[in-house]
Amino acid sequence: MVQISLASIFDQYPDRRYIMFGGKGGLGKTTFSAAAAYYLAKKGKRVLVFSVDPQASLSDIFKKDIFGKGATEIMPNLYAQEIDADRRVKEYQQEIRKKILDMYGMSEIPEEIDSYIQAAAAEPAMEESAIFDEVVDIVVKGGYDYYIYDLVPLGHALYYLSMASVYDAWIDKITKLRQQMREYDQAAAVIRRDKELDEDAILNELLYIKERINKSSSILTDKKKTAFFFVVTAEEMIINDTIKAADLFAKFDVPMSGYIVNRVLPEELKQQNIPEYLKNRLEMQSHYLGTINEVFKGQILATVPEMERDITGLPMIEKIAKAMFD
Ligand SMILES: Nc1ncnc2c1ncn2[C@@H]1O[C@H](COP(=O)(O)OP(=O)(O)O)[C@@H](O)[C@H]1O
Ligand SMILES: [Mg+2]
């Protein structure tokens with residue numbers, strides 16, 4: 001029997017073009033996103049790795065300031081992008097101001113309205129929604145063989161998914177209402193031409209938004225196009241959290257492709273003359289690697305060692321990619 005591996009998943013499922021690494025903060029999601037992007041780009045695929053994390057660190061790992069600069073070339077075929085949610089929120093604000101000015105024929109926004117617009121922008125939901133919107137833009141625009149989402153920690157990723165379904169239900173309702181209204185309106189269309197046109201414009205906008213949201217949330221749950229990997233380490237709490245998260249993700253129909261174990265200390269150390277404390281760590285690690293092999297049986301795609309230093313710059317990224325894919 002051929003052992004399943006990360007490389008074999010990519011070979012076997014070439015249609016899975018939307019790649020995500022999930023897991024708690026600090027486990028290696030950004031590291032693996034960058035390394036997978038590197039591996040695929042080296043194979044000649046055009047790859048975009050982009051960050052949906054407000055505390056993005058793609059700039060750090062690639063040692064290049066890419067924040068808010070759009071898709072930036074890192075090496076041939078490899079592009080990276082860090083979303084500037086703040087700027088997007090500011091653009092929203094400008095849009096709202098412009099709409100108000102146009103609608104009421106004003107030359108200036110009244111102060112209390114402007115302070116309201118500013119307060120609304122401070123809502124955390126606004127940032128999430130700005131990021132969501134930009135992701136939709138990226139995905140709808142196309143142009144790459146692979147899209148690698150450098151995800152936020154688990155809770156947020158779930159929020160992101162649930163938000164998509166909430167949005168969807170909400171827009172569905174409004175769209176239906178609008179459609180009904182239009183039918184009623186048709187009877188009186190002769191005397192209300194202008195109004196009917198307005199309603200059409202609103203309905204079209206809603207349908208447009210709905211299509212965009214459907215597109216991005218359906219990608220997240222599309223088993224044909226999406227591969228979702230969980231990053232886990234050999235620690236009790238991390239394993240427990242991962243089991244819980246995997247259950248939740250299954251409820252949202254996220255297509256899970258497997259698990260990658262990160263930061264494994266070399267077992268050979270045991271044979272060497274090592275301090276007691278390191279011995280203990282290795283004992284603990286062996287124990288929890290056993291647990292991981294039991295609970296995630298047949299779904300472990302790679303085991304990546306703890307490197308001698310943190311992972312920044314292409315040579316270190318290449319090392320991680322080798323450990324993940326070879
Ligand atoms: N196998 C590894 N060996 C050494 N350092 C690692 C390894 N994997 C991740 N790191 C380091 O751990 C830190 C957190 O990794 P990161 O990928 O940013 O996690 P996340 O995106 O899940 O929050 C980074 O400093 C990274 O360089
Ligand atoms: Mg990260």
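Whatever order the structure lists them in is the order used to number ligands and atoms, beginning at 1. No hydrogens, no waters, no symmetry mates; every other heavy atom, side chains included, goes into these values.
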> Got more than 12 heavy atoms from elsewhere within 6.0 Å of CD, E308?
yes

> Between I320 and ligand 1, find which residue part has any heavy-atom pair under 4.0 Å and reply side chain, backbone, both or neither.
side chain

> Looking at T31, which atoms of ligand 1 are within less than 4.0 Å of one of its heavy atoms?
9 (C), 15 (O), 16 (P), 17 (O), 26 (C)

> May I ask you to test the T30-L58 pair for a side-chain heavy-atom distance under 4.5 Å?
yes

> What atoms of ligand 1 come closer than 4.0 angstrom to any heavy atom of E306?
3 (N), 4 (C)

> Is it the case that over 12 heavy atoms from other parts of the model lie below 6.0 angstrom from the CD atom of Q118?
yes

> Are the side chains of F296 and I243 in contact, using a 4.5 Å heavy-atom criterion?
yes

> Relative to the heavy atoms of K29, which atoms of ligand 1 are at a distance of less than 4.0 Å?
17 (O), 19 (O), 20 (P), 21 (O), 22 (O), 23 (O)

> Which atoms of ligand 1 sit under 4.0 Å from any heavy atom of R309?
4 (C), 5 (N)

> Going through the checks in order, is the salt bridge (charged side-chain N to carboxylate O under 4.0 Å, His left out) test met by E283 and K279?
CA-CA 6 Å; E283 288 287 322; K279 246 182 227 152; over 6 Å; no

> Going by heavy-atom distance to atom 25 (O) of ligand 1, choose the closest among V264, T30, I61, D310.
D310

> Regarding ligand 1, does V304 bring an N or O atom to under 3.5 Å of one of the ligand's N or O atoms?
no

> Using a heavy-atom cut-off of under 4.0 Å, does the side chain or the backbone of P305 touch ligand 1, or both, or neither?
backbone

> Hey, do the aromatic rings of Y147 and Y149 have their centres closer than 6.0 Å?
no

> For a 4.5 angstrom cut-off between non-hydrogen side-chain atoms, does I317 reach L314?
yes

> Please list, in number order, the atoms of ligand 1 under 4.0 Å from a heavy atom of N262.
1 (N), 2 (C), 7 (C), 8 (N), 9 (C)

> Taking the six-membered ring of Y79 (Phe, Tyr or Trp), confirm whether the NZ or CZ of R46 is under 6.0 Å from its centre and within 45° of its axis.
yes

> Who's closest to atom 10 (N) of ligand 1 heavy-atom-wise, of M307, K24, K319, R263?
R263

> Looking at the Mg ion (ligand 2), is one of the N, O or S atoms of T30 less than 2.8 Å from it?
yes

> Please list, in number order, the atoms of ligand 1 under 4.0 Å from a heavy atom of G25.
23 (O)

> How about CD on Q12, more than 12 heavy atoms from neighbouring residues, nucleotides or ligands closer than 6.0 Å, or not?
yes

> I'd like to know whether ligand 1 has G23 as a neighbour, heavy-atom separation below 4.0 Å.
no

